[in-house]
Amino acid sequence: MSAPARTETRTLTRSSPHEAVLEVRDLTVDYIGPDGAVTACKDVTLSLRRGEILGIAGESGSGKSTLITALTRLQRPPAATTSGSITFHPRDGRAGIDLVGLSPRELRRLRWSTMSIVLQSAMDALNPVMRLGDQFADVLRTHYRDLDRSGARDRTTELLAMVGISADRARSFPHEMSGGMRQRATIALALACEPELVVMDEPTTAVDVVMQRQILAQVLRLRRELGFAVVIVTHDLSLLLEVADRIAIMYAGRIVEVGTASALYRDPAHPYTRGLRDSFPPLHAPLRELRGIPGTPPDLRRPPSGCPFHPRCPVRVEACQSTLPALVPLPEQEAACLLLTSEENP
Amino acid sequence: MTVVTDVSAPAAPTTRLRVPSRWAFLARRLGFYLTAAWAAITLNFLLPRLMPGDPSVAIVDQLQRVSGRQLPPETLVSIQTLFGDPDANLAEQYLAYLGQLARFDLGISISRFPTPVADLVASGLPWTLMLVGTTTVLAFVIGTGLGVLTGWKAGGRFDAIVTPASTFISSVPYFWVALIALWVFAFELRWLPSSGGYDPDLEGPAFWLSALRYGILPAATIVFSAFGGWLLGMRNMTVTTVREEYVLLAQAKGLSPSRVVLRYAARNAMLPSFTGFALALGGVIGGALLTEIVFSYPGIGYLLYDSLTKRDYPVMQGVFLLIALTVLLANLIADSVYVFVDPRVREQG
Ligand SMILES: Nc1ncnc2c1ncn2[C@@H]1O[C@H](COP(=O)(O)OP(=O)(O)O)[C@@H](O)[C@H]1O
Ligand SMILES: [Mg+2]
């Protein structure tokens with residue numbers, strides 16, 4: 001899945017764009033509280049190729065939203081990125097930019113035109129006292145300085161049409177639209193400035209299953225047409241198995257397994273991934289027996305020793321209590337489980 | 001967006017529905033407040049008639065005592081219409097009373113015989129509206145502006161200084177603030193006059209300049225005491241609003257900080273303040289009492305105070321009616337303003 005060769009290659013520093021659009025290295029995010037820091041994201045390393053759909057799954061509280069707000073640089077106190085880098089590679093071939101080191105002003109210039117976001121609740125993501133069209137117009141005219149009012153209106157019409165919303169809806173207030181329409185509107189909004197990356201945090205949890213399918217199908221189609229990469233976060237692994245190219249599984253703030261969707265579906269290497277896969281009904285395959293993962297995710301204020309999953313792990317061994325496993329490369333994925341390094345594969 | 005020039009798009013059905021429902025909403029509110037105003041006026045009519053004894057006879061006696069002669073018959077009729085005529089039928093009296101109110105005839109002042117009450121009210125009203133009206137708006141603007149700034153960076157240095165200071169200031173009783181200001185700036189430093197609203201010896205522009213000078217001290221004390229309440233309310237609303245997803249999204253869009261703060265955070269955080277502000281405007285006339293007493297300011301509040309100490313019933317009656325009606329008017333505005341600032345209210349009600 002490499003980027004299509006461009007005819008008008010600009011030669012500023014490099015001739016062809018980097019194959020990754022975003023590279024996250026050793027990202028650690030703490031919530032700094034009165035009684036010490038809680039590490040909600042620990043040493044996360046990820047790479048996202050151009051136009052790729054990367055899914056991030058994990059139970060609630062595993063640090064998915066923390067990761068997302070950190071890599072979009074939208075986190076607010078008490079959250080703080082304590083180490084790591086987030087390198088964005090522009091498609092015009094310029095050198096990569098570390099988002100962690102940027103000033104607020106530099107960051108504002110990059111926002112929305114390189115990286116946009118779809119938030120979990122479309123109900124709350126739109127300003128209740130502004131007409132929909134005005135919420136498109138302000139971002140368009142911020143990033144395209146020479147766009148006038150009527151130009152912004154035409155572009156809004158075009159964007160709304162992409163998600164099947166009629167132009168007259170631009171005059172509506174958010175509360176006048178249904179939940180599904182609002183969510184589609186926020187997706188259209190995310191595409192307003194032709195971003196290279198769209199980040200979605202649980203984009204379909206607030207709508208029913210039918211609408212969920214419809215919205216995801218729309219995202220997939222638009223991705224094919226426009227070529228942006230997607231990071232999509234959800235606690236519903238079966239949903240990701242359908243839409244994502246690659247999937248990262250988070251547990252207690254760490255990535256415990258990452259690999260192609262098909263590998264994670266057919267042959268998950270981490271016992272937590274297996275547990276997640278078996279606890280959701282598959283969307284298309286015949287229903288199999290559902291088994292939840294016993295126990296609850298750990299309290300991040302007091303993380304378990306060794307492998308954070310060991311208290312709930314059905315296949316744990318003695319060493320799991322004391323040794324923190326590193327990600328082990330496998331043919332189609334990487335996973336952090338001690339059993340993969342010792343020979344006794346389950 | 002301003003005008004819809006787009007003829008190809010059919011009119012949104014929601015627009016067609018919304019407009020009548022907004023006006024229907026307002027019409028219902030208007031009906032309610034007209035009823036309340038009618039009740040206030042009727043109460044004003046009934047109260048003196050239900051009082052033991054005969055207020056109108058007492059008032060006529062008093063007026064004759066201060067004037068030292070018989071009252072002209074039309075004054076007698078006017079007072080009986082306002083305060084009760086034991087010989088006339090209640091329904092006829094009521095109609096006559098309404099007719100008299102419609103002509104703004106509120107009777108004759110006892111303490112300032114023979115000035116009509118309506119003239120006293122009319123000469124005091126502009127002073128009160130200027131002083132308390134301006135300061136209420138100023139206090140609202142200053143308090144709300146500072147509230148947005150402190151709430152936006154809650155926990156920052158500005159917030160850490162301004163918020164506790166405003167809490168302290170708004171907990172100081174107004175009376176005390178006014179007396180201290182009077183003592184320091186009028187008596188010790190002698191920068192500003194201590195009482196009155198203008199210099200009666202001047203005319204033209206010089207008169208207006210003197211009015212400005214006389215107004216500074218009372219105005220400053222009102223703003224000083226009132227802005228803190230607005231600040232604290234707005235700060236807390238802003239702190240809540242800043243955590244909303246739409247503010248996060250506005251930041252993610254890379255909009256300028258001023259746009260995020262004003263159009264997204266403050267605009268929503270202000271919704272409850274609009275109602276409070278309209279109500280505060282309703283309190284302008286009644287709320288001027290303390291300021292006008294301390295500074296002997298020639299407004300409605302001082303008029304009321306003066307009439308209370310001199311038992312000038314016709315003036316009291318007239319001022320009370322005015323206060324009741326302005327509070328109702330402010331409530332009506334408060335209700336209607338909400339319909340226009342919050343699109344979500346238009347549909348309901
Ligand atoms: N505002 C906060 N203050 C302190 N800790 C927080 C805060 N938000 C989240 N956390 C911690 O971070 C963990 C991960 O939260 P989150 O990223 O929201 O998880 P997810 O999105 O996967 O459900 C939580 O379990 C909690 O311990
Ligand atoms: Mg979350």
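On a predicted model such as this, the values are computed, not experimentally measured, just so you know.
- Sorted by first and then second residue, the salt bridge (charged side-chain N to carboxylate O under 4.0 Å, His left out) pairs involving residues 219-246 of chain B (not counting sequence neighbours) are Asp159(B)-Arg235(B).
- Closest heavy-atom contact between Pro343(B) and Pro128(A): CG-O, 3.4 Å.
- Contacts between residues 30-38 of chain A and chain B, defined by a heavy-atom separation under 4.5 Å, are made by no residue at all.
- Your options are Arg111(A), Arg73(A), Arg141(A), and the one with the most heavy-atom pairs under 4.5 Å with chain B is Arg111(A).
- Here the side chain of His143(A) pairs a donor or acceptor atom with the backbone of Lys253(B) at under 3.5 angstrom.
- The nearest pair of heavy atoms linking Ile117(A) to Ala252(B) is CG2-CB, 3.6 Å.
- For Lys64(A), the salt bridge (charged side-chain N to carboxylate O under 4.0 Å, His left out) criterion is met by no residue, not counting sequence neighbours.
- Heavy atoms from other residues, nucleotides or ligands lying under 6.0 Å from CZ of Arg259(B) number more than 12.
- Under the 3.5 Å distance criterion, the side-chain polar atoms of Asn127(A) are matched with a main-chain donor or acceptor of Arg263(B).
- Counting heavy-atom pairs closer than 4.5 Å to chain A, the top residue among Gly254(B), Gly155(B), Ala250(B) is Gly254(B).
- For the atom pair His175(A) NE2 and Asp342(B) CG, the distance stands at 8.0 Å (nearest 0.5 Å).
- Under the 4.5 Å side-chain criterion, counting only non-hydrogen atoms from C-beta, Val129(A) is not in contact with Val341(B).
- Contacts between Leu189(A) and chain B at a heavy-atom distance below 4.5 Å involve the side chain alone, from C-beta outward.
- Here the CG-CG distance, from Leu119(A) to Leu248(B), works out to 5.5 Å after rounding to the nearest 0.5 Å.
- Residues Gln251(B) and Arg76(A) have side chains that bring a donor and an acceptor to within less than 3.5 angstrom of each other.
- Your options are Gln135(A), Arg109(A), Met115(A), and the one with the most heavy-atom pairs under 4.5 Å with chain B is Gln135(A).
- Residue pairs meeting the ring-ring contact (aromatic ring centres under 6.0 Å, His included) criterion with at least one member in residues 257-284 of chain B, sequence neighbours excluded, are Phe140(B)-Phe277(B).
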